[in-house]
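The block underneath contains the structure these notes are about, expressed in structure tokens.
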Amino acid sequence: SKCNSFWSITMQYVFQGPTTDSFFNSTINNFTTILTPVSSEIQNYPNWYAAVSTYGLEVIYPVDILSPTTTSTGGLPSVLINRDVITSGLFSQQLKNQVRICRDQQQQQQ
């Protein structure tokens with residue numbers, strides 16, 4: 001990327017049942033038709049605790065450590081974004097501002 005950044009999407013789908021179930025297979029097919037995955041993995045667990053017990057603790061910052069500055073629109077240190085922020089348009093505006101900053105920096109370098 002010309003802005004020294006990249007986008008990625010990590011999706012987790014939880015299905016309680018066998019991977020041979022027709023609903024499971026049609027859902028996975030729909031997901032991979034919409035977006036072609038770079039990689040995918042299907043894991044089976046006997047229960048939900050067995051699945052999540054392997055995860056490490058996610059750090060959740062109680063303060064906004066990536067506040068906007070004169071040269072950056074800031075950022076969000078977590079994927080947990082409040083519904084009110086999304087519906088208010090603040091998140092969308094922040095993304096658009098970041099794209100504009102990248103565009104402006106690229107134009108200045110030319």
Report summary line: For F23, the ring-ring contact (aromatic ring centres under 6.0 Å, His included) test, sequence neighbours excluded, returns none

Query raised in the report: Going by the angle between their ring planes, with limits at 30° and 60°, are F15 and F24 parallel, tilted or perpendicular?
Result: tilted

Query raised in the report: So, the side chain of N44 versus the backbone of T19: is there a donor-acceptor pair under 3.5 Å, distance only?
Result: no

Report task. Please round to the nearest 0.5 Å and tell me the distance separating atom CG of D21 and atom CD1 of I28. Result -> 11.0 Å

Requested in this report: Give a yes or no on whether Y13 atom OH has more than 12 heavy-atom contacts from other residues, nucleotides or ligands under 6.0 Å away.
Outcome: yes

Query - Y45 side chain near V52 side chain, heavy-atom distance below 4.5 Å - result: no

Query raised in the report: Honestly curious: do F31 and I42 fall in one hydrophobic cluster under the side-chain, below-4.5 Å linking rule?
Result: yes

